[in-house]
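For reference, the structure is listed below as structure tokens.
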Amino acid sequence: MEDDYTKGTGSGGGVGLCSGLFSLLSLTVNLLAIVILSRGKCGLSTCTTRYLVAMATADLLVINTEVILWRIIYNYFPGSFLRVTPVCSTIVVLCRAAADCSVWFTVTFSFDRFVAICCQKLKTKYCTNKTATVVLATTCILLCLRNIPMYFVYEPRSIINNLPWGCYIKPSYFTEPGWVGFDWFDKVLTPLSPFALILLLNALTVRHILVASRVRKGLRGQSKGENHSDPEMESRRKSVILLFTISGSFILLWLINVIEFLYYNIAGRDPGYYNNSEYIFQQVGFMLLNLSCCTNTFIYGATQSKFREQVKSAVKYPVTSIIQLINNLNN
């Protein structure tokens, strides 16, 4: 069994290299998303903007911890102090907390959109900046606390000059009832519960929109073939497109990881002793999780016209500034 941890990563150098190629792109797009969304010029409510900024920030933290600290530095710089057992155990906790925040911020965003669309009476109280801040902060704190036990999952591979090196998963993690139960709780919390909650919230949202659409069409006479614009339904349509693309991307990119977890529990397989095909399947799942951290920005660009305009302005700004500076120098 190699240095590894059981959720969201693996020790595969090939996948680590592929993930490294994603890191620069993901860092760039997430930083760009954070800057643009924080300016509040994308036509989104301030509450929605807060959730989207939090999601982009969590994705950025995943790339910094999982890809840069763990895969690139840990796997490709063997003499680094990051291989000291207490340090790499801490990195594991940070990686897992960042991944959990990325997932559960998607759930909180889905719930916020559900309330905004389906619960008009609750909307005025819940869909506010203050509530969003409290929800995001509470979620982050609880997820960080619940990952602390992972620090104690690892033991050193070797002792060099009285210093423990390497993060070797204790064999008891896969056999002791306490750790097996914790592993199940871990996967139920992320991503099985988010899967179920997102699907449920989206189904309820669609049902509400379909019912409301029929009622509004009847009231506005569209059922008789008349064509009237409906700003309210158009606003809901854009909100639903954003919601469904983000949640759908999450489900697709986490699906292999969920299947792999169910497989090693149902088949009774120890992930440390997978054959080649099982190992490749596991590592593809890990790679897709890393990829999920740079998809939301492209989703914003594909679904939000004002976000695309802000991106174009951000790209043009350095060029126009340089041209203006050159003109000023020449004059």
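One-based numbering along the sequence shown.
Taken to the nearest 0.5 Å, the CG atom of Leu94 stands 9.5 Å off from the CG atom of Asn147. Note that CH2 of Trp254 and CG of Leu288 are 11.0 Å apart. Values are rounded to the nearest 0.5 Å. Remark: Lys170 NZ to Glu155 CD distance equals 6.5 Å, nearest 0.5 Å. A distance of 4.0 Å separates CG in Asp186 from CZ in Arg146, rounded to the nearest 0.5 Å. Remark: Leu325 CG to Thr320 OG1 distance equals 11.5 Å, nearest 0.5 Å. Distance check, rounded to the nearest 0.5 Å: CD1 of Ile36 to OG1 of Thr49 gives 12.0 Å.
In the hydrophobic clustering, Val35 connects to no other residue, as no ILVMFWY side-chain heavy atoms lie under 4.5 Å from its own.
Formation of a donor-acceptor pair under 3.5 Å by the Thr245 side chain with backbone atoms of Ile241 is found in this model. In this structure, Asn161 contributes its side chain and Leu163 its backbone to no donor-acceptor pair below 3.5 Å. Using a distance-only test at 3.5 Å, with no hydrogens or angles considered, no donor-acceptor pair links the side chain of Gln310 to the main chain of Lys306. The closest donor-acceptor contact from the side chain of Asp112 to the backbone of Thr108 lies at 3.5 Å or more, if one exists at all. For Ser110 (side chain) and Ile198 (main-chain N/O), no donor-acceptor pair under 3.5 Å exists by modelled atom type. Distance alone, capped at 3.5 Å, places no donor-acceptor pair between the Thr190 side chain and the Lys187 backbone.
The heavy-atom pair separating Pro164 from Ile159 by the smallest distance is CA-CD1, 3.7 Å. A pairwise comparison of heavy atoms in Val107 and Leu201 identifies O-CD1, 4.4 Å as the closest pair. Annotation for Thr139 and Val135: closest pair OG1-O, 2.7 Å, computed over non-hydrogen atoms.
With sequence neighbours excluded, the residues forming a ring pair (Phe, Tyr, Trp, His ring centres under 6.0 Å) with Phe111 are Tyr126, listed by chain and number. By the ring pair (Phe, Tyr, Trp, His ring centres under 6.0 Å) test, Trp165 pairs with no residue at all, sequence neighbours left out. With sequence neighbours excluded, no residue satisfies ring pair (Phe, Tyr, Trp, His ring centres under 6.0 Å) with Phe114. Checked against disulfide bond (SG atoms under 2.5 Å apart), Cys88 has the following partners two or more places apart in sequence or in another chain: Cys167. For Ser313, there are no side-chain hydrogen bond (donor to acceptor under 3.5 Å, both in side chains) partners, not counting sequence neighbours. Listed by chain and residue number, nothing satisfies the side-chain hydrogen bond (donor to acceptor under 3.5 Å, both in side chains) test with Ser38 (two or more places apart in sequence, or in another chain). Partners of Glu278 under the salt bridge (Lys or Arg N to Asp or Glu O under 4.0 Å) rule, at least two apart in sequence or in another chain, are Arg269.
Taking 4.5 Å as the limit, every side-chain heavy atom of Thr106 sits out of range of all side-chain heavy atoms of Pro194. Looking only at side-chain heavy atoms (C-beta outward), Val258 and Leu192 come within less than 4.5 Å of each other. Looking at Tyr274 and Glu260, their side chains come closer than 4.5 Å, going by heavy atoms from C-beta outward. Between Thr128 and Thr131 there is a side-chain heavy-atom pair separated by less than 4.5 Å.
A continuous path of ILVMFWY side-chain contacts below 4.5 Å connects Ile259 to Ile280, so both sit in one hydrophobic cluster. Note on Leu255: it clusters hydrophobically with Val103, by side-chain heavy-atom contacts below 4.5 Å among ILVMFWY residues. Residue Tyr317 is not grouped with residue Val29 when hydrophobic side chains (ILVMFWY) are merged at heavy-atom distances under 4.5 angstrom, including chains of intermediate members. Neither Trp104 nor Leu252 shares a network with the other; the hydrophobic side chains, linked directly or stepwise wherever heavy atoms of I, L, V, M, F, W or Y lie under 4.5 Å apart, form separate groups for each. Tracing side-chain contacts under 4.5 Å through hydrophobic residues (I, L, V, M, F, W, Y), one reaches Phe81 starting from Tyr154; they form part of the same cluster.
Judged purely by distance below 3.5 Å, without hydrogens or angles, the side chains of Ser45 and Thr48 pair a donor atom with an acceptor atom. With 3.5 Å as the limit, one finds no donor-acceptor pair spanning the side chains of Ser172 and Thr175.
Within the structure, the disulfide bond (SG atoms under 2.5 Å apart) test picks out no pair touching residues 111-157 (sequence neighbours left out). Sorted by first then second residue, the side-chain hydrogen bond (donor to acceptor under 3.5 Å, both in side chains) pairs that include residues 196-207, not counting sequence neighbours, are Asn202-Ser247. Evaluation of the ring-ring contact (aromatic ring centres under 6.0 Å, His included) test over residues 178-204, restricted to residues two or more places apart or in two chains, returns Tyr173-Trp179, Trp179-Phe182, Trp184-Phe261, Phe195-Phe250.
Dense packing is recorded around CZ of Phe281, with more than 12 heavy atoms of other residues, nucleotides or ligands lying under 6.0 Å away. For Asn275, the CG atom is densely surrounded, since the number of other residues' heavy atoms within 6.0 Å is greater than 12.
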Output, in order, the C-alpha distance, side-chain angles, deciding distance and verdict of side-chain contact (heavy atoms from CB on, under 4.5 Å) for Leu37 and Phe307.
CA-CA 8 Å; Leu37 290 169; Phe307 183 87; 4.2 Å; yes
Using a 3.5 Å cut-off and no angle test, enumerate the donor-acceptor pairs between side-chain atoms of residues 50-62 and protein atoms at least two apart in sequence or in another chain.
{"residue": "Arg50", "atom": "NH1", "partner": "Thr133", "partner atom": "OG1", "Å": "2.6"}
{"residue": "Thr57", "atom": "OG1", "partner": "Val53", "partner atom": "O", "Å": "2.8"}
{"residue": "Asp59", "atom": "OD1", "partner": "Ser102", "partner atom": "OG", "Å": "2.5"}

